[in-house]
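Shown next, in structure tokens, is the structure this report addresses.
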Amino acid sequence: MTPSLVLTGLSAATMAAPVGGYGLIADAAIVLTGDRIAWVGPRADLPTAQKGLERRELGGRLVTPALIDCHTHIVHGGNRAREFEMRLEGASYEQIARAGGGIVSTVAATRAASEADLLASALPRVDALIAQGVAVIEVKSGYGLDLDTELKMLRVARALGRLRPVRIVTSFLGAHAIPAGTDADSYIDGVCLPTLRAAHAEGLVDAVDGFCEGIAFDTAQIGRVFEAARALGLPVKLHAEQLSHGGGTALAARHGALSADHVEYATDADARALAKAGTVAVLLPGAFYTIHETQAPPVQAFRAHGVPMAVATDWNPGSSPLGSILLAMNMACTLFRLTPAEALAGTTRHAARALGLADCGMIAPGLRADLAIWNVTDPAELSCGIGINPLYQRIFGGVA
Ligand SMILES: O=C(O)CC[C@@H]1NC(=O)NC1=O
Ligand SMILES: [Fe+3]
């Protein structure tokens, strides 16, 4: 008989609410059976059959779904602290990129690192997110830009999920930057697509991503990557409209992408297209903040057209060295004017949707027993704090 556990003395932000709400149940109880949620509701309504099971009294604490960081680059070599200084000396993100800095400088460090080095440097990043109540982390490739290193990155990503109590979802991001010595079209056709096929054959790819931007790839080139993903039966997502409007968001919608990410320069028409396609807008306030961007994503248009908004760290060594999902929530509220309820939906229900996961992101019967128990009573405290981590305990797959 699978062991069961009854949690009582809590308020539950189930996130199984209509748009904009917490789905809050005051004085609630939650029944876990194995790695699944069996029941959630007011403690007074707890089914009598559950009353004899092991109970855990939580002293009135808030319980949410465990958090999901749906956009990270946490596998990488080296650091970009020098660029941080350059930016403070006035160089723009694009100027740094065109001067050989940016993504391609991390590519050199990642190519030089061994698989063991990359694993050793990524594990503390996973541990930091787990300590904030995270149960699912999306990890992208994209700092190899050659077959061996892209495969190395994705193997490390898979190893993270074997070595820690966390679910890792991988995205192939071979179309992240144009390596030195080639052009975009030759790279896409000669390296990126063959590498995608090799990575997929090895079971390393859960989704396919790209960087559609003036300093990276255009819609035609990304379109070829998306067609190859479709041929392999893989979902797609896209870094789109981060620094300018280039048509990436509309392209993502046309391909039924899981998500369009950054989207600072998306338009009302793009928001309509995302809504029609059911594509999630992933907001990445850490990059907006780090590169001193001034154009915020069209949050009001996303609301008006019913586009689900997710929030993630974009944890990477350059544009968003942000290791806190909770601070990302705070930034999404403070910089993009999301409500705290939208920010929490952005790291639970909508983040799950951005990864194509249907078994998590809410507290509801049948979903995974991945929960976060907080030393707070009001869900808004999770977004209000700046650099504060009020996690009391994380339950992963029914195990504390
Ligand atoms: O700066 C980096 O290393 C990655 C930045 C990250 N990748 C991308 O396409 N946009 C970003 O912000
Ligand atoms: Fe990114």
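All ligand and atom numbering here is 1-based and tracks the order in the structure.
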* Between Phe288 and Val299, is there a shared hydrophobic cluster once you connect ILVMFWY residues whose side-chain heavy atoms come closer than 4.5 Å? -> yes

* Verify side chain to side chain contact (heavy atoms under 4.5 Å, CB included) between His200 and Leu232, making sure each step is shown before the conclusion. => CA-CA 8 Å; His200 173 66; Leu232 296 171; 3.6 Å; yes

* Among Glu83, His71, Glu213, His176, which residue places a heavy atom closest to atom 8 (C) of ligand 1? -> His176

* Asked: Does ligand 1 have any atom that is closer than 4.0 Å to a heavy atom of His76?
  -> no

* **N/O separation below 3.5 Å, Thr106 to ligand 1** => no

* Asked: Charged N to carboxylate O under 4.0 angstrom, Glu57 versus Arg43?
  -> yes

* **Which of the ligand 1 atoms, numbered from 1, are nearer than 4.0 Å to a heavy atom of Ile103** => 2 (C), 3 (O), 4 (C)

* Distance-only donor-acceptor check, side chains Asp69 and Thr313, under 3.5 Å -> yes

* Worked check of salt bridge (charged side-chain N to carboxylate O under 4.0 Å, His left out) between Lys140 and Glu138 -> CA-CA 7 Å; Lys140 304 175 187 293; Glu138 184 259 12; 2.6 Å; yes

* To do: Find, among atoms of His71 that are N, O or S, the one nearest to the Fe ion (ligand 2), and state its name.
  => NE2

* Nearest non-hydrogen protein atom, atom 1 (O) of ligand 1 -> Arg80 NH2, 2.7 Å

* Identify whether Met309 and Leu344 are in the same connected component of the hydrophobic contact network (ILVMFWY, side-chain heavy atoms under 4.5 Å). => no

* **Numbered atoms of ligand 1 (with element) below 4.0 Å of Tyr143, judged on heavy atoms** => 2 (C), 3 (O), 4 (C)

* Does Asp314 bring an N, O or S atom to under 2.8 Å of the Fe ion (ligand 2)? -> yes

* Asked: So do the side chains of His239 and Cys212 get within less than 4.5 Å of each other, counting heavy atoms only?
  -> no

* Which residue supplies the protein heavy atom nearest to atom 10 (N) of ligand 1, what is that atom called, and how far is it? -> Gln242 OE1, 2.9 Å

* Structure fact -> Contact region, Asp314 to ligand 1, non-hydrogen atoms below 4.0 Å, reads side chain

* To do: Find out whether the Lys NZ or Arg CZ of Arg254 is both under 6.0 angstrom from the six-membered ring centre of Phe226 and within 45° of the ring's axis.
  => no

* Tell me: protein heavy atom nearest atom 12 (O) of ligand 1, and distance? -> Ser319 OG, 2.6 Å

* Asked: Does a side chain donor of either Asp209 or His71 reach within less than 3.5 Å of an acceptor in the other side chain?
  -> no

* What are the atoms of ligand 1, with element, lying closer than 4.0 Å to any heavy atom of His262? -> 10 (N), 11 (C), 12 (O)

* Structure fact -> Looking at His239, the N, O or S atom sitting nearest the Fe ion (ligand 2) is NE2

